[in-house]
Number of protein chains: 2
Amino acid sequence: MTSIETVSADGENKPENGAGTKSTVAGDAYRKLRALILQGALLPGQKLKFEATQQELGLSASSLREALTRLVSEGLVASAQRRGFSVAPVSIEELEDITRLRNILEPLALRDAIEHGDDAWEAQILATYHRFSKIDAVQGDAPGIVDEQWSHWHRAFHEALVAACPSRKTMQFRSVLFEQSERYRALSVARRTQPRKKSDEHRRLMEAVLSRDGDAAEALMIRHVTMTTEFVIQALAAAQQDDGGRI
Amino acid sequence: MTSIETVSADGENKPENGAGTKSTVAGDAYRKLRALILQGALLPGQKLKFEATQQELGLSASSLREALTRLVSEGLVASAQRRGFSVAPVSIEELEDITRLRNILEPLALRDAIEHGDDAWEAQILATYHRFSKIDAVQGDAPGIVDEQWSHWHRAFHEALVAACPSRKTMQFRSVLFEQSERYRALSVARRTQPRKKSDEHRRLMEAVLSRDGDAAEALMIRHVTMTTEFVIQALAAAQQDDGGRI
DNA sequence: GCCGTCAAAATTTTCGAAAATACGCTTGGT
DNA sequence: ACCAAGCGTATTTTCGAAAATTTTGACGGC
């Protein structure tokens, strides 16, 4: 048995692993579509017509269907039987639901990681934080722009924090929820009118984790997740007034 | 917007809804395969060759692929890139992982349900418990037989208990974990040598829930989940000695 | 005798077109 | 003028075969 494909987000498959990666058409489509949805390029509710989507990604119906099926089970795409697929709708209620569960699973994973983490785990946290903080510091304060690099390292950092958690299931669910949250954040960023205000939440979180202070880490994590959601809700609510609820 | 297909187990789609159900080939295959895996007819690790599986279910490669993809994301099937699919392997560690998370999510959903449940919810609990208890009382004590009816009403009862929980995400994850647990239980039943000993756990659980006693319900639920897992582990460990770990 | 290489066979993955279904529009009736 | 039914079009779903990849087995060199 070689490499079992995990259900979701394996962080990032490097373009090369040994003798050249073997990607699949359906897998590529899945990742591409996921990226488009996560960065808000495809809007919630938008219909994903086969012919158009197919052409855009350059693949056959069956493969596209496979990719979409995968996204459905991750909650990023909705499927109406025999009426095709569409980008999953968003709602403040759903975001609150996601947040509530995240506030349970993230601390759970974090405490596990703190308990089991080794030197490599610590190093990885430091490394990803470094990358993230550089980008975070530089990142343009111009609203309305979804920064791919920022998202990437933000995710990598959060992933690194909990990477030492030995529970596969917890990690899996956590990852799905994180992803869903990210979509909301991206949507709110795209609609944001005020510049983002930077914070040192991530640094403090990292420090608590590295000093193996479970209680502090949990508190900071919950605060981080909760506050992020609050900002997102504000931005979405404001945008919705202009939109007339278009998203 | 009519009916959005949910990610997993909608309990059971009735054969008729209004003007005749519209099933899809891929969806049927998905349900059929899932049933086979859950009742242990397909053994863990077993390769799911396309030609054979396709013929058995009578469908094309693409549709089968779609069904398998769905099962992968529910953790019942494993996919090795370009080397096809196989029934997800089992391990005591995984079962313990599943159990640990279930012991968090089930009580969470249960407390929510107790808080929000209305008369219809109570009625449904009573109804499904009635069906379940009848079958549970009669059920042959002969080991080695997986009773479809028992499984069905057992699941329905547990689903009914938490049905009033308003958190979609919690319900979704709970459902996935319940399903995975069921597979382990089925596998242990098939290998069980001693007759099952009946208990009144379910009745007491129901009573606590209906009397809206969250603490008692939580305690009973955790006990139920934990003890079930312990039995399963015992049976699997015993069987593994004979098998030489074949499953 | 063992290892690496190459080709045949088995298997999975992908495609492009056919079948099935839903949608919208016109038409005919009241 | 309004509704229903029927028909053509748009769209999704399914199929069966082609393409790509892995596995197997045999051969020849070391």
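As a basis for the values below, the full set of heavy atoms in this structure was taken, side chains included, without hydrogen atoms, waters or symmetry mates. Reminder, nothing fancy here: chain letters follow the sequence lines and each chain counts from 1. Keep in mind that what you see is a predicted model, and the values were worked out from it rather than measured.
- Of the residues in residues 58-65 of chain B, those placing a heavy atom less than 4.0 Å from an atom of DNA chain C are B:Ala61, B:Ser62, B:Arg65, in numerical order.
- With rounding to whole Å, B:Gln54 atom CD is found 11 Å from D:dA17 atom C1'.
- Here the P atom of nucleotide D:dC15 and the CD atom of B:Glu51 are 16 Å apart, to the nearest Å.
- In this structure, CZ of A:Phe50 is placed 23 Å from P of D:dT9, rounded to the nearest angstrom.
- Within the cation-pi definition used here (under 6.0 Å to the ring centroid, within 45° of the axis), A:Arg155 does not qualify as a partner of A:Phe157.
- For C:dC23, one of the phosphate oxygens OP1 or OP2 lies less than 4.0 angstrom from a side-chain nitrogen or oxygen of A:Arg83.
- Going from atom CZ of A:Phe85 over to atom C1' of D:dT11 covers 13 Å, rounded to whole Å.
- Checked against C:dT13, D:dT13, D:dT11, the side chain of A:Thr24 finds its nearest nucleotide in C:dT13.
- Distances shorter than 4.0 Å separate none of the side-chain N or O atoms of A:Lys47 from OP1 or OP2 on D:dT11.
- Distance CD (A:Gln81) to P (D:dT14): 11 Å, rounded to an integer number of Å.
- Rounded to whole Å, the distance from CD on A:Gln55 to P on D:dT12 is 13 Å.
- For the pair A:Glu66 CD and C:dT13 P, the computed distance is 8 Å after rounding to whole Å.
- A donor atom on one side chain and an acceptor atom on the other are not found under 3.5 Å apart for A:Ser60 and A:Arg65.
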For A:Tyr30 and A:Glu74, run side chain to side chain donor-acceptor pair (under 3.5 Å): C-alpha distance rounded to whole Å, both residues' side-chain angles, the deciding distance at 0.1 Å, then the answer.
-> CA-CA 11 Å; A:Tyr30 157 74; A:Glu74 283 175 32; 2.4 Å; yes

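- Salt-bridge check for B:Lys169 with A:Glu94: passed, with a basic side-chain N closer than 4.0 Å to an acidic carboxylate O.
- Salt bridge status for B:Glu159 with B:Arg174: present, with a side-chain N to carboxylate O gap under 4.0 Å.
- Here D:dT21 is the nucleotide among D:dC15, D:dT13, D:dT21 with the atom lying nearest to any side-chain atom of B:Arg82.
- Taken from CG in B:Asn103 to CD1 in B:Ile98, the straight-line distance is 12.0 Å, to the nearest 0.5 Å.
- Position along DNA chain C of the nearest nucleotide to B:Lys49 versus A:Ala26 favours B:Lys49 as the more 5'-ward residue.
- Rounded to whole Å, atom C1' of C:dG16 lies 17 Å from atom CG of A:Leu57.
- Aromatic ring orientation, B:Trp150 versus B:His154: parallel (interplanar angle below 30°, classes split at 30° and 60°).
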